[in-house]
Amino acid sequence: QVQLVESGGGLVQPGGSLRLSCAASRSIFNIYVMGWYRQAPGKQRELVAAISSGGSTNYADFVKGRFAISTDNAKNTVYLQMNSLKPEDTAVYYCNVQPIPGGRNYWGQGTQVTVSS
């Protein structure tokens, strides 16, 4: 079992920045993959960024060059740094972890990000 708690969402103007945090209830060292997803109203949940235990990262095309995913093993936390935010980035952002390949996925409760002037 892994409990995940996201924080850092909020209201920001276009062009602004936010950093989301996802604190895990156990060590994230050697977790197979951790990621951030988002879901806008009326749309399906989609992958934003992911990072593997080896440090490899994967980004959706719509955030490349603007967002960065990282981890702090000492704090059992995964981050999503979001820069140059656009109104279309408005969504609920969810943290996800899959501790082992093919194993169960765990989700956080989500944090709202609203980009608006």
Side-chain angles (χ1 to χ4, degrees):
Q1 283 276 354
V2 182
Q3 281 78 46
L4 303 170
V5 179
E6 298 110 330
S7 60
L11 173 64
V12 63
Q13 292 187 340
S17 298
L18 283 175
R19 188 177 79 158
L20 305 182
S21 300
C22 173
S25 61
R26 50 151 279 187
S27 172
I28 63 172
F29 181 72
N30 265 349
I31 277 188
Y32 176 56
V33 65
M34 304 185 70
W36 288 94
Y37 288 71
R38 71 185 189 187
Q39 188 167 19
K43 295 187 176 181
Q44 289 191 329
R45 192 171 297 189
E46 59 187 357
L47 175 68
V48 176
I51 186 167
S52 72
S53 57
S56 298
T57 56
N58 180 39
Y59 294 95
D61 286 344
F62 52 77
V63 302
K64 282 182 179 177
R66 300 190 298 125
F67 292 11
I69 189 170
S70 63
T71 58
D72 185 336
N73 289 342
K75 296 182 179 180
N76 298 333
T77 300
V78 59
Y79 301 100
L80 185 68
Q81 178 66 45
M82 305 187 294
N83 300 324
S84 302
L85 283 160
K86 306 175 181 179
E88 51 264 44
D89 293 319
T90 295
V92 178
Y93 284 70
Y94 296 91
C95 179
N96 172 273
V97 302
Q98 187 180 25
I100 60 173
R104 178 181 171 181
N105 277 277
Y106 295 89
W107 293 91
Q109 82 286 354
T111 185
Q112 176 70 46
V113 172
T114 303
V115 185
S116 175
S117 55

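Within the 3.5 Å criterion, the main-chain N or O of T114 finds no donor-acceptor partner in the side chain of S116. In this structure a side-chain-to-backbone donor-acceptor pair under 3.5 Å is missing from Q3 to S25. For R66 (side chain) and S84 (main-chain N/O), a donor-acceptor pair under 3.5 Å exists by modelled atom type. Looking only at distances, no side-chain donor or acceptor of T71 sits under 3.5 Å from a matching main-chain atom of N73. Remark: the backbone N or O of C22 is not paired with any side-chain donor or acceptor of E6 at under 3.5 angstrom.
The side-chain heavy atoms of I31 and I100, taken from C-beta on, include no pair separated by under 4.5 Å. Side-chain contact between C95 and Q109: absent, with no pair of heavy atoms (C-beta onward) separated by less than 4.5 Å. Contact of the V97 side chain with the L4 side chain is registered, since non-hydrogen atoms from C-beta on lie closer than 4.5 Å. For the pair I69 and Y79, the minimum side-chain heavy-atom distance is 4.5 Å or more.
Checked options T90, V92, L20, L11; the residue passing with V113 is L20 (criterion: side-chain contact (heavy atoms from CB on, under 4.5 Å)).
Note: the hydrophobic cluster containing Y106 does not contain Y94 (ILVMFWY, side chain heavy atoms under 4.5 Å, direct or indirect links). In terms of hydrophobic clustering, with Ile, Leu, Val, Met, Phe, Trp and Tyr side chains grouped at heavy-atom distances under 4.5 Å, V48 and W107 are assigned to different clusters.
From Y32, atom OH reaches atom CD1 of I51 across 14.0 Å, with rounding to the nearest 0.5 Å. Here the OG atom belonging to S27 is positioned 15.0 Å from the NZ atom belonging to K75, to the nearest 0.5 angstrom. Taking CZ from R19 and OG from S70, the interatomic distance works out to 7.0 Å, rounded to the nearest 0.5 Å.
Side-chain rings of W36 and F67 stay apart, their centers remaining 6.0 Å or farther from each other.
Taking each heavy atom of K43 and Q39 in turn, the nearest pair found is O-NE2, 3.2 Å. Closest non-hydrogen pair, P14 versus S117, comes out as CD-N, 3.7 Å.
Salt bridge status for D89 with K86: absent, with no side-chain N to carboxylate O gap under 4.0 Å.
A cation-pi arrangement is absent between R45 and Y37 under the rule of less than 6.0 angstrom and at most 45 degrees off the ring axis.
Within 6.0 Å of CZ on F62 lie more than 12 heavy atoms contributed by other residues, nucleotides or ligands. Crowding of E88 atom CD: a count of heavy atoms from other residues, nucleotides or ligands under 6.0 Å exceeding 12.
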When you look at S17 and N83, which way does the side chain to side chain donor-acceptor pair (under 3.5 Å) test go after all the steps? CA-CA 4 Å; S17 298; N83 300 324; 2.9 Å; yes

As a quick check of understanding, evaluate side chain to side chain donor-acceptor pair (under 3.5 Å) for Y93 and R38, giving each step before the final call. CA-CA 4 Å; Y93 284 70; R38 71 185 189 187; 3.0 Å; yes

Chi angles and distances behind the side-chain contact (heavy atoms from CB on, under 4.5 Å) call for I28, M34: CA-CA 9 Å; I28 63 172; M34 304 185 70; 3.8 Å; yes

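Legend: residues meeting side chain to side chain contact (heavy atoms under 4.5 Å, CB included) with V33, ordered by chain and number and at least two apart, are A50, Q98.
In this model, no donor atom of one side chain and acceptor atom of the other lie less than 3.5 Å apart for S53 and N30.
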